[in-house]
Protein chains: 2
Amino acid sequence: MTRGRPVKVRLNAVILAVRDERPLLLTVAAGDGAVDALPAGVLDADGDRTLELALRRLVREQAGLELGYVEQLYTFGDRGRDPRERVLSVAYLALVGEGCAAPAAAGARGAAWRDGYALFPWEDWREARPAALDRVIGPALRDWASSVAERQERVAINFGLGGSRWDPTRVLERYELLYELGLVAERARDRQERSGTALGQAMALDHRRMVATALGRIRGKLSYRPVVFELLPEAFTLSRLQRVVEALAGMRLHTPNFRRLIERGGLVERTGAMATHTGGRPAELYGFRREVLRERPAPGVGLPRSAP
Amino acid sequence: MTRGRPVKVRLNAVILAVRDERPLLLTVAAGDGAVDALPAGVLDADGDRTLELALRRLVREQAGLELGYVEQLYTFGDRGRDPRERVLSVAYLALVGEGCAAPAAAGARGAAWRDGYALFPWEDWREARPAALDRVIGPALRDWASSVAERQERVAINFGLGGSRWDPTRVLERYELLYELGLVAERARDRQERSGTALGQAMALDHRRMVATALGRIRGKLSYRPVVFELLPEAFTLSRLQRVVEALAGMRLHTPNFRRLIERGGLVERTGAMATHTGGRPAELYGFRREVLRERPAPGVGLPRSAP
DNA sequence: GGGTGTTTTACTCAGGTTGAGTAAATCAAC
DNA sequence: GTTGATTTACTCAACCTGAGTAAAACACCC
């Protein structure tokens, strides 16, 4: 068995919240200060019983935040991820409710909540088809793929261009394609070239890739696991629920159908209370209905399959 | 930042194939020889450019097998996984076609193909509802969960007992529950107790947990990614395809509906050739239709939602 | 050579789900 | 009281799904 020199092991946290209809990402100041980084640290081989507990400890220490929902995302280990040394990074996805996402919690070590779509402007289709897609990305992709069938297929599948549909879950594939094309700042930085196009806000090392993995994962999971409720308070209105789903999915949903899916699907139950609201008819407050886990194998909010 | 002593990093491979309607798992002899282990090794920090390439190299060296489809499964890092030292293990899932799964390929270091359902007898519902469920597992679960609502819910969700349905993808959750209940041999071994009930074939360390993760993952992926075709030759009959899906899913499928799904879904295309067959009408040979990736966001074979 | 068995293939049909649209109910604000 | 915004209720066609029936085409056996 080959015995190479030992590699370092780090843990990274992609911590998401949704506030004011915007997905937020918890960041800390990177070493050089120029860009943001994800909260990270090393496993205490003696102290930490599990990786997940280690992650919770790290986030507590670095951002003073107690995590709720946590799931392992992916382990990154390519050579050159960190120019200084070979590091294995186990990335985790964490979701925190609106209460915990208060700016107050972000204080230590330059922790701050950043707008997730500032990192991926091309992923937010709620207002309109993102401008960058037609202005920059589309032409660059067409140029790159011209007369190479394999590339054309990859572009079509991931960016929904050649008759294919836009798949909200392919966040990572899209980011990686843009990286290859040199449209994000990290590419030039990693190759020590002069930077050209720099779509979206860059992050330290490969942290933006981790966030892309996280966003893709949670978008996929929306349809078959009741993860949205981790981001909401105990009681919420259906429209608030819809706004949070839309913020994550990056697309608008048909309200009557959304309500039907949620109510008939048995995902929520009425609390009886009403929400006094600003403008419009008052809405009833609902709560997550836990029994749905027993009833349905894949309870989720189901994004539409067809293009909007 | 806390600096613990460095942890070891290992890579593990769960290599699956399907032959004679049985899912097969590639194992090697464990150190003590009593049980099987997964092919494993350490990352060469200087030589291996990526984790995936490292895994391919390890499997090539240890079992003389060139892997096709490979995906990262999960990273295991709990304390006590390996009684000797703290190890971080990055597990991968690999699929090989029937050709590569020949016993000839298994030679070095005691490599052998094992029946996957020998490890998880309760997961194979093709012939009948597995006997172990009613004979051993059911009573033990009922006993354990009696008058504890939270446990009852967990049992219902994962084993489909209290009105819930059997979800083929919850392989890991079921294995972990059986571990907690002391129904698998690894539990007693890890706690250095005298072993009691020992359902299914045990493996070294937490390798059976890794296989459970893999089986659950591929069962889930069947419905939204065309992974089955990695296990089949270029040309195959629809019934052969169905048999492979059934072997993985551990359940029988309704043939006319399965064919409709596959053909109308555009997952395959006719080759024109026919299969001379033993007994019955000759079947047409089909091939995987790659264009489906462009057309549909989640092309898969879709297991039924309802109980059979 | 004809029946028998087995597998492939084709078709039907009811029920549910999904995407899309229309419209009434209810409150805040002006 | 009117206006505006939002919540809630209902409709309808298209599609998908689960389940069943049956014909077509070969191998095998007598």
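Given the structure is predicted, the values throughout are model-derived calculations rather than measurements.
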Q) What about B:Arg281: does its side chain form a donor-acceptor pair under 3.5 Å with the base of C:dT8? A)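 Yes, a donor-acceptor pair under 3.5 Å.
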
**Q.** DNA chain C: 5'-proximal contact among A:Asn257 and B:Thr237 (nearest heavy atom)
**A.**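 Mapping each residue to its closest nucleotide by heavy atoms, the 5'-most match is B:Thr237.
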
Q) If each of B:Arg260 and B:Arg240 is mapped to the nucleotide of DNA chain C with the nearest heavy atom, which maps nearer the 5' terminus, i.e. the 5' end? A)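 That would be B:Arg240.
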
(Q) I want to check one thing: is the phosphate of C:dT9, taken as OP1 and OP2, less than 4.0 Å away from some side-chain N or O of B:Arg259? (A)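 True: B:Arg259 side-chain N/O within range (under 4.0 Å) of C:dT9 OP1/OP2.
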
Q) Is the phosphate of D:dT7, meaning OP1 or OP2, less than 4.0 Å from a side-chain N or O of A:Ser239? A)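 For D:dT7, OP1/OP2 do have a side-chain N/O of A:Ser239 under 4.0 Å.
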
Nearest-angstrom distance from the residue atom [atom1] of [X] to [atom2] of [N]:
X: B:Leu253; N: C:dT7; atom1: CG; atom2: C1'; value: 17 Å
X: B:Glu284; N: D:dA25; atom1: CD; atom2: P; value: 13 Å
X: A:Arg264; N: C:dG16; atom1: CZ; atom2: P; value: 11 Å
X: A:Met274; N: C:dA25; atom1: CE; atom2: C1'; value: 11 Å
X: A:Leu285; N: C:dC27; atom1: CG; atom2: C1'; value: 15 Å
X: A:Arg165; N: C:dG19; atom1: CZ; atom2: C1'; value: 12 Å
X: B:Leu261; N: D:dC15; atom1: CG; atom2: C1'; value: 13 Å
X: A:Arg296; N: D:dT17; atom1: CZ; atom2: P; value: 15 Å

(Q) Looking at B:Trp122, I'd like to know if the NZ or CZ of B:Arg129 sits under 6.0 Å from its six-membered ring centre while staying within 45 degrees of the ring's axis. (A)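 Output no; distance or angle outside limits.
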
Q | Atom CD of B:Glu291 with >12 non-hydrogen neighbours under 6.0 angstrom | A |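 Yes.
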
Q. Any ion pair linking A:Glu246 and A:Arg126 (charged N to carboxylate O, less than 4.0 Å)?
A.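 Salt bridge: no.
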
Among [options], which is the nearest nucleotide to the side chain of [X]?
X: B:Glu263; options: C:dA24, C:dA10, C:dT22; value: C:dA10
X: B:Ala283; options: D:dC10, C:dA10, C:dT8; value: C:dT8
X: A:His254; options: C:dA20, D:dA25, D:dG20; value: C:dA20
X: A:Pro256; options: C:dT18, D:dA9, D:dG20; value: D:dA9

**Q.** Close aromatic pair by centroid cut-off 6.0 Å: B:Phe288 and B:Phe236
**A.**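 Ring-ring flag for B:Phe288/B:Phe236: false, centres at least 6.0 Å apart.
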
Q. Which part of the nucleic acid, if any, lies within contact of A:Leu238, taking any heavy atom under 4.0 Å across all strands shown: a base, the sugar-phosphate backbone alone, or nothing?
A.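 Touches nothing.
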
Q: State, without any angle test, whether A:Tyr175 and A:Glu173 hold a side-chain donor-acceptor pair at a distance under 3.5 Å.
A: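 On atom types as modelled, these side chains do not qualify, holding no pair under 3.5 Å.
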
